Number of protein chains: 4
Amino acid sequence: MRARTNQAKDERRTAFLMAAMDEFFENGFAAARVDDIARRAGLSKGTLYLYFKSKKELFQGLIDMAAAPKRQQLEKIVSEAPTATAAIEGFLRFAPVIVRQSIVPRIIKVMIGDSRRFPEVAHTYNQQVIERTLGLIADILKRGHDNGEFTVEDPKLTASLVIAPIFMSLVWHILFEQDSSDGNDFVDLEALFSLHHKMLMKALGAGNTA
Amino acid sequence: MRARTNQAKDERRTAFLMAAMDEFFENGFAAARVDDIARRAGLSKGTLYLYFKSKKELFQGLIDMAAAPKRQQLEKIVSEAPTATAAIEGFLRFAPVIVRQSIVPRIIKVMIGDSRRFPEVAHTYNQQVIERTLGLIADILKRGHDNGEFTVEDPKLTASLVIAPIFMSLVWHILFEQDSSDGNDFVDLEALFSLHHKMLMKALGAGNTA
Amino acid sequence: MRARTNQAKDERRTAFLMAAMDEFFENGFAAARVDDIARRAGLSKGTLYLYFKSKKELFQGLIDMAAAPKRQQLEKIVSEAPTATAAIEGFLRFAPVIVRQSIVPRIIKVMIGDSRRFPEVAHTYNQQVIERTLGLIADILKRGHDNGEFTVEDPKLTASLVIAPIFMSLVWHILFEQDSSDGNDFVDLEALFSLHHKMLMKALGAGNTA
Amino acid sequence: MRARTNQAKDERRTAFLMAAMDEFFENGFAAARVDDIARRAGLSKGTLYLYFKSKKELFQGLIDMAAAPKRQQLEKIVSEAPTATAAIEGFLRFAPVIVRQSIVPRIIKVMIGDSRRFPEVAHTYNQQVIERTLGLIADILKRGHDNGEFTVEDPKLTASLVIAPIFMSLVWHILFEQDSSDGNDFVDLEALFSLHHKMLMKALGAGNTA
DNA sequence: TATGAATGAGCCTTCATTCAT
DNA sequence: GATGAATGAAGGCTCATTCAT
């Protein structure tokens, strides 16, 4: 079947990208075979080259796709929260979902594994995703500080610490997913982030004035 | 010069392993070339095969070497601390060194990048290094709790949070090392862990009884 | 031109097998280069691996091909002969053709040269070709004996002796082909087998009763 | 231990040659490893190169050694026979020993397997061994004919037929030695050559005048 | 002399990319 | 547009040969 419409073309493109993500995740860029990616996408090797000029361009397309829509969910959660405290709570309650969903850990794994081969890609992802998320959190913290909800001296650095358990969980998820594929996680993510939230609030002196 | 003594042979073996670590770090297992590893070790490709049966065995030798002596420094720091509070302070002051030194981030990067290809290796490393470190921290926390230095409800989970910024820093280090190779880090590690320590102690209610 | 039909594929497969026979004949399995085989077949190295999983499989394919249709000619000659005496005469008159044609000596040479490396292959060829031919001759001899054409006490053993000069000629052909490539054989095959036939008949007491 | 005397040197040389014969027999020239040959000889790889300039020279040394003393036994048997008839009987009674002994089939196998790689070697062996043996038999046949023991028209050609079953047995021995390594041969050599002798004599009309 | 560590040329095999159908 | 046959560069590994000890 041939893709004549633009929509059909986009679907094929996306199918290749998703397949590429899976293969790159499993094997890394070098060991992933173009043939396997195409077959996983349900199309043929030759067709892939109609959509991407090379394996490398496929990789970059993947990162671009991954970088794009990531913050929308987060921004919605945060913007809808009435207070900074509530925003942080919402953010950390959402964290286990991010870790468990398939796309973010996959992308992170690919990024880490091939970051030295494609430094620009890592750099871009950093600016598009990590810095932005960090900025988002820092803004919340600053807001909370200014509102008197809690005390934050260095919002940027503090934001890093807010995010740290997410990184750790992502790495664990990548490393040990197969160990825990039988349902129970390598760590109880809800409990982890609940504790993290509790300790964070206490560390920030939140609720003391209440 | 030819290695006829056992010691000289061990030196060559180690040279290959260090070279392998660098190449695997830069390129991942699949893309690293045996020839480059040997050349980096100052020896020839053929010679490498006198010491390792295959590229894969070289990889496993690397992980084995890396897994072995990692905790010694930590354990010394911890065991020499008079109190749990001091032990944690010592541990977190030591954290930037771990992150900045070349070996741990390199190994972690290699582990992550090729964890799906060699799941047993990842599993082993986890048990040998991560679980052990986690247990070490958990023990300290329990000790501090029992001593009344601070309050810890779930030592294992709390230990994860103590460690989390180290993971995050490691990942950042891996991803952005080149961005910051001109001296200044992508983040001020001393400040980060100092803040982490301060907030952690506050979250645990340490020093309240003083 | 690309092989898209099954027939075209079979042609390529056969081209590789014939080229392999020549190269294996010239150099033996170990010394034959896959690259040379492919080039001789007029295709590229990579293409060969589309048709054969490995060099060894190519070797086995060669033997399989060689083992298959070898007796047809013989069986025709023998079955069309009115008497056992005529069958033997036909067989021995046909012998020089077998020795001189390219395929049998080549296969035999490859078989001998690599028999220790692939014992199963030698074993199969033995059963498929040698035992069968021997059985064919033994049957003729028994028939002639039963008919009273001549006297044969041990048909199987006698069949071996009927065949022996063929083996000898094959080996000589293999060893000295180049010495005689300028036309004249290292031995006059027609004369040899004519004499062999004459002596054989006499030894069997054929024609005595006439 | 070092070989200072000439005798000790010769012993080492011979040890290498015998080891080479075994390895070349098992694997052919290309696949035989110098290291294995040396180890089989109980010496080291480096030492081999003190005695032979290259692997190829080792091969040639082997053929030279093999070509030299082969006819002595035969010539003795033949020269001691009172009549041509007795000489042929002695020769054919000796045949199974030649086939079964380790050296001749091994050399023949090596010769055949690598004849195309070293045509001069095959040529030399032919002249040194085969032609000579053929000449020996032809002489006997001529003698018997001149004596009136039997009738031979073409001694050279007839000699080939006398020898043919030896070639066949050698090839079978090479091909199927392992099949019959449990004692019983692939063919009863004594019976074979006994029958061969009987038929040969009858074909030559021997004893008719008695 | 004897050894075996070191070398690097060479070969099998894989796979990204091209292109005839 | 889609396919998969064909290509050949590249890389893991072996092994004949050299040479320091």
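Chain A is the first sequence line, chain B the second, and so forth, proteins listed ahead of strands; every chain is numbered from 1. Note that the structure is predicted; figures quoted are calculated from it, not measured.
- With the nearest nucleotide of DNA chain E identified for both Gly46(A) and Lys45(D), Lys45(D) has the one nearer the 5' end.
- Residue Ser44(C) places none of its side-chain N or O atoms closer than 4.0 Å to OP1 or OP2 of dA6(F).
- Taking the side chain of Arg12(D) as heavy atoms from C-beta on, and the options dT7(F), dG1(F), dA2(E), the nearest nucleotide is dA2(E).
- Taking the side chain as every heavy atom from C-beta outward, Asp114(D) and Phe24(D) never approach each other to under 4.5 Å.
- When rounded to the nearest whole Å, the span between CD of Glu57(A) and P of dT17(E) equals 10 Å.
- The CG-P distance, from Asp35(B) to dG10(E), rounds to 15 Å in whole Å.
- Every stem involving DNA chain F, taken as at least 3 paired positions in a row under the Watson-Crick or G-U wobble test at 3.5 Å, is listed here: E:2-21 with F:2-21.
- Using a 4.0 Å cut-off between charged nitrogen and carboxylate oxygen, Glu23(A) and Arg40(A) count as a salt-bridge pair.
- At a threshold of 4.0 angstrom between heavy atoms, the contacts of Lys55(D) are confined to the sugar-phosphate backbone, with no base atom among them.
- Atom-to-atom, NZ of Lys9(B) to P of dG4(E) comes out at 9 Å; the value is rounded to the nearest Å.
- Distance from the side chain of Tyr49(D) is smallest for dA16(F) among the nucleotides dA16(F), dT7(F), dA5(F).
- In this structure, CG of Asp36(A) is placed 8 Å from P of dC15(E), rounded to the nearest angstrom.
- Counting any heavy atom pair closer than 4.0 Å across all strands shown, Tyr51(B) reaches sugar-phosphate atoms only and no base atom.
- In this structure, Tyr51(A) and Leu58(A) have side chains that are not in contact, with every pair of non-hydrogen atoms separated by 4.5 Å or more.
- For the pair Arg13(A) CZ and dG1(F) P, the interatomic distance rounds to 13 Å; values are reported in whole Å.
- Within 4.0 Å (heavy atoms only), Arg4(C) reaches at least one base atom of the nucleic acid.
- Within the 4.5 Å cutoff, the side chain of Leu43(B) has no heavy atoms near those of the Leu48(B) side chain.
- Each of Arg2(B) and Arg2(C) was assigned the nucleotide of DNA chain E with the nearest heavy atom; the assignment lying further toward the 5' end belongs to Arg2(B).
- Ile112(B) is listed as a side-chain neighbour of Leu175(A), based on a closest heavy-atom distance under 4.5 Å.
- Within the nucleic acid shown, Arg33(B) comes within 4.0 Å of sugar-phosphate atoms alone, with no base atom in reach, counting heavy atoms only.
- Inter-residue side-chain proximity for Ile174(B) and Ile108(B) is flagged as met; some heavy-atom pair is nearer than 4.5 Å.
- Nearest to the side-chain atoms of Val34(A) among the listed nucleotides dA6(F), dT17(E), dT17(F) stands dT17(E).
- One can place CZ of Phe52(A) at 16 Å from C1' of dA16(E), the figure rounded to the nearest angstrom.
- The aromatic rings of Phe29(A) and Phe118(A) sit perpendicular, their planes meeting at an angle over 60°, well past the 30° parallel limit.
- At a threshold of 4.0 angstrom between heavy atoms, the contacts of Ala32(D) are confined to the sugar-phosphate backbone, with no base atom among them.
- The side chain of Leu50(B) approaches dA6(E) more closely than any other nucleotide in the set dG12(F), dA6(E), dT3(F).
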